[in-house]
Each structure stands twice: as C-alpha cells, then as structure tokens.
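What you see is a predicted model; the values in this text were computed from it and never measured. Note that these values count all heavy atoms, side chains included, but never hydrogens, waters or copies made by symmetry.
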Amino acid sequence: MKKIIFLIACLFCTLSCNNTTAGSSDTPETLLAKEKRTQAQPKKYKGDEFGVYITSDRKDTRTADDITNNLPPQYEITNTVLFGHLGLYDGDLPYGVDFEIKKIIKENTGKISFTLSIRMLTKNFVRFGDRQLVQVKLNDDVTQGFDCNVEYLPAPEHLSSIFHIINCTSEVGIKDIHTMRLHSGDANVLITTAKNNFSFVLPKVFFTYLNEI
C-alpha cells in the first residue's frame with residue numbers, strides 16, 4: 001500500500017513540474033516588460049560585400065499645433081538594425097537590398113513596437129503582390145513569414161529610367177523578435193513573385209545586433 005501511495009505521489013510531482021515548465025514560457029506582455037527603453041549604441045560591421053549597422057534616433061513628435069499650444073515634448077526613440085547588400089542577382093536580374101528592423105519606443109507611454117522593412121532596388125518591370133510574403137528561415141527548420149504592404153518608389157534620378165525601389169513593410173510582434181534574437185548563425189531570406197525568386201543571407205551579426213537594441 002505504501003508503495004502505491006509513493007508511486008502516486010511521484011507521479012503527481014512529475015505532472016506538477018511538467019505543468020510548471022509548460023506554463024513558464026514568456027507572454028508578449030512579459031517580453032515587452034523586459035525590453036530596454038533607451039537609445040542603442042550605434043555600431044557598424046563591414047563584410048566583403050555587405051554592411052550591418054545599428055543606428056538610433058530620438059525626436060520630439062509634437063506637431064506645430066502641439067508646440068503652439070505648449071504641450072509638453074513627446075519624445076520617440078527609434079533603434080534600427082540594418083543589413084545592406086548591393087550586387088545581388090536572380091539569374092541575370094540585378095538587385096540590391098536593405099533589410100531592417102526598427103524598434104520604436106514612445107517615451108511618454110513606454111509603448112514599444114517593431115517594424116520590418118525591405119527596400120529592394122531592381123528593374124522597373126519587377127512587381128510584387130499588393131501584400132507580399134517574406135520568409136526568414138532560422139535554425140531548426142523554423143520559418144517566419146511576414147505578410148508586408150508593398151509600395152513603389154522612384155530610384156535615384158540617374159537610375160530612374162531603368163530601376164525603381166520596392167518598399168515592403170510589416171509590423172512584427174515581440175514573439176517573432178524574441179525568436180530571432182535566439183537565433184545563432186546566418187539565416188536565409190526568401191521573397192518569391194510570379195516570375196522571380198529573390199533570396200539573400202542575413203549574417204549572424206545581424207541577430208547579434210538585434211539583441212542590442
């Protein structure tokens with residue numbers, strides 16, 4: 001009888017421990033509460049064919065009317081990790097890409113948000129869907145998909161007759177940011193259209209910098 005009671009007690013303890021472990025994953029609220037709310041230290045890393053940068057900006061977001069009405073300053077901090085690479089090709093189609101994640105901190109409320117942006121310089125005939133899927137392939141077969149809004153911008157004047165800029169932006173949740181921060185190593189980014197497959201490698205340093213903003 002004592003053995004049966006002992007086994008039941010052990011089983012109960014095991015289940016309790018497992019439930020505690022399963023419930024210990026951080027919620028978005030918990031992750032946001034842990035976020036730094038200060039300006040990041042600017043940095044840059046130059047590879048052979050690419051660059052990775054941390055930039056930071058702090059500005060007063062009041063309108064002219066707000067200032068006229070003597071409303072107090074409303075400062076906003078934007079910390080950015082940017083990867084830039086020119087000279088990429090899909091077959092014989094040239095393109096260059098800027099891939100960035102911005103962390104936006106509203107000082108007066110403490111609210112934090114993240115945005116992902118991809119700006120691609122390529123030939124004028126290339127078109128994305130109105131909402132385009134961007135895939136980031138991480139460790140352990142983890143693939144993150146971001147459905148981003150697309151707009152077309154003119155290229156610099158001397159290139160505008162042949163090239164344009166495709167701007168693709170998406171809001172990113174803290175859970176996805178947390179997953180990317182846990183990533184170690186390079187990651188593959190893939191953007192597919194009806195006619196083209198655009199892919200490039202985000203180097204490990206990008207994710208290292210993402211942990212610093």
Side-chain angles (χ1 to χ4, degrees), residues 24-28 30-58 77-91 93-105 112-122 128 132-150 165-193 196-213:
S24 64
S25 59
D26 287 325
T27 64
T30 302
L31 292 172
L32 285 170
K34 295 177 181 178
E35 283 291 311
K36 293 179 284 189
R37 287 167 166 77
T38 55
Q39 285 192 262
Q41 181 67 37
K43 285 188 176 182
K44 64 179 178 179
Y45 175 91
K46 293 294 290 182
D48 292 337
E49 298 178 337
F50 67 87
V52 183
Y53 311 87
I54 294 178
T55 63
S56 185
D57 177 59
R58 181 175 182 261
I77 295 172
T78 301
N79 295 329
T80 304
V81 180
L82 169 66
F83 162 82
H85 196 323
L86 293 173
L88 295 167
Y89 286 87
D90 172 37
L93 175 66
Y95 67 99
V97 69
D98 284 343
F99 181 104
E100 68 179 21
I101 292 178
K102 290 183 180 291
K103 175 181 176 180
I104 302 164
I105 307 154
I112 292 176
S113 60
F114 296 89
T115 60
L116 177 150
S117 176
I118 298 176
R119 290 184 300 277
M120 184 176 295
L121 176 70
T122 190
F128 286 0
Q132 180 67 44
L133 180 64
V134 175
Q135 292 182 305
V136 181
K137 298 184 178 182
L138 305 174
N139 290 336
D140 303 321
D141 297 323
V142 174
T143 299
Q144 294 177 305
F146 302 99
D147 190 14
C148 61
N149 295 306
V150 176
I165 294 171
I166 305 173
N167 194 39
C168 195
T169 58
S170 174
E171 293 184 359
V172 182
I174 184 63
K175 282 278 195 176
D176 284 326
I177 294 295
H178 182 63
T179 298
M180 283 190 274
R181 284 175 172 166
L182 294 176
H183 178 69
S184 60
D186 299 342
N188 294 312
V189 179
L190 176 64
I191 308 170
T192 59
T193 68
N196 303 101
N197 293 315
F198 298 101
S199 63
F200 54 91
V201 176
L202 280 179
K204 179 180 179 180
V205 66
F206 181 89
F207 302 96
T208 301
Y209 282 6
L210 187 60
N211 277 279
E212 297 183 22
I213 68 171

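Taking every heavy atom of both residues into account, Asn167 and Ser117 meet most closely at OD1-OG, 3.5 Å. Contact record, Glu35 with Ile174: OE2-CD1, 3.6 Å, taken as the closest heavy-atom pair.
A donor-acceptor contact under 3.5 angstrom links the side chains of Asn139 and Ser184, judged on distance only.
Residues Met180 and Val142 fail the side-chain proximity criterion, which asks for heavy atoms closer than 4.5 Å. Under the 4.5 Å side-chain criterion, counting only non-hydrogen atoms from C-beta, Asp186 is in contact with Pro203. Using a 4.5 Å heavy-atom cutoff, the side chains of Gln41 and Ile54 are not in contact. Two residues are said to be in side-chain contact when any heavy atoms from C-beta on lie closer than 4.5 Å; Ile77 and Arg37 fail this criterion. Between Asp98 and Leu82, the closest side-chain pair of non-hydrogen atoms falls below 4.5 Å. When side chains are defined from C-beta on, Phe200 counts as touching Phe83, because their heavy atoms get closer than 4.5 Å.
Taken to the nearest 0.5 Å, the CE atom of Met120 stands 11.5 Å off from the CD1 atom of Ile165. The SG atom of Cys148 sits 8.0 Å away from atom CG of Leu133, with the distance rounded to the nearest 0.5 Å. Expressed to the nearest 0.5 Å, how far CZ of Arg181 lies from OG1 of Thr208 amounts to 12.0 Å. Note that OG of Ser170 is 6.0 Å distant from CG of Leu116, once rounded to the nearest 0.5 Å. If you take SG on Cys168 and CZ on Arg119, they are separated by 11.5 Å, rounding to the nearest 0.5 Å. Here the CD1 atom belonging to Ile101 is positioned 5.0 Å from the CG atom belonging to Leu210, to the nearest 0.5 angstrom.
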Side chain to side chain contact (heavy atoms under 4.5 Å, CB included) between Leu93 and Phe198, intermediate numbers included = CA-CA 10 Å; Leu93 175 66; Phe198 298 101; 3.9 Å; yes
Evaluate side chain to side chain donor-acceptor pair (under 3.5 Å) for Lys44 paired with Tyr209, printing each intermediate quantity in order.
-> CA-CA 9 Å; Lys44 64 179 178 179; Tyr209 282 6; over 6 Å; no
Could you walk me through whether Glu171 and Asn149 pass side chain to side chain contact (heavy atoms under 4.5 Å, CB included), step by step?
-> CA-CA 10 Å; Glu171 293 184 359; Asn149 295 306; over 6 Å; no
Verdict with reasoning, Asn79 to Lys36, per side chain to side chain contact (heavy atoms under 4.5 Å, CB included) | CA-CA 11 Å; Asn79 295 329; Lys36 293 179 284 189; over 6 Å; no
Residue pair Ile118, Val97: steps toward the side chain to side chain contact (heavy atoms under 4.5 Å, CB included) verdict = CA-CA 7 Å; Ile118 298 176; Val97 69; 3.7 Å; yes
For side chain to side chain donor-acceptor pair (under 3.5 Å), just list the numbers for Thr143 and Lys137, CA-CA rounded to whole Å, side-chain angles, deciding distance to a tenth of an Å, and then say yes or no.
-> CA-CA 4 Å; Thr143 299; Lys137 298 184 178 182; 5.6 Å; no
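The environment of CZ in Phe146 is crowded: more than 12 heavy-atom neighbours from other residues, nucleotides or ligands sit within 6.0 Å. Within 6.0 Å of CD in Glu212 there are more than 12 heavy atoms belonging to other residues, nucleotides or ligands.
Evaluated for a side-chain contact (heavy atoms from CB on, under 4.5 Å) with Gln144, the options Val134, Val172, Asp176 yield exactly one hit, Asp176.
In this structure a side-chain-to-backbone donor-acceptor pair under 3.5 Å is missing from Asn188 to Val201. Within the 3.5 Å criterion, the main-chain N or O of Thr192 finds a donor-acceptor partner in the side chain of Gln132. No donor-acceptor distance shorter than 3.5 angstrom exists from the side chain of Arg58 to the backbone of Ser56, with no hydrogens or angles considered. Proximity of a side-chain donor or acceptor of Thr122 to a complementary backbone N or O of Pro94 within less than 3.5 Å is detected.
Residues Phe99 and Phe206 bring their aromatic ring centres within 6.0 Å.
Not counting sequence neighbours, Phe114 has no partner by the ring-ring contact (aromatic ring centres under 6.0 Å, His included) test.
Between His183 and Phe207, the angle of the ring planes goes over 60°, which puts this pair in the perpendicular group of the 30/60° scheme.
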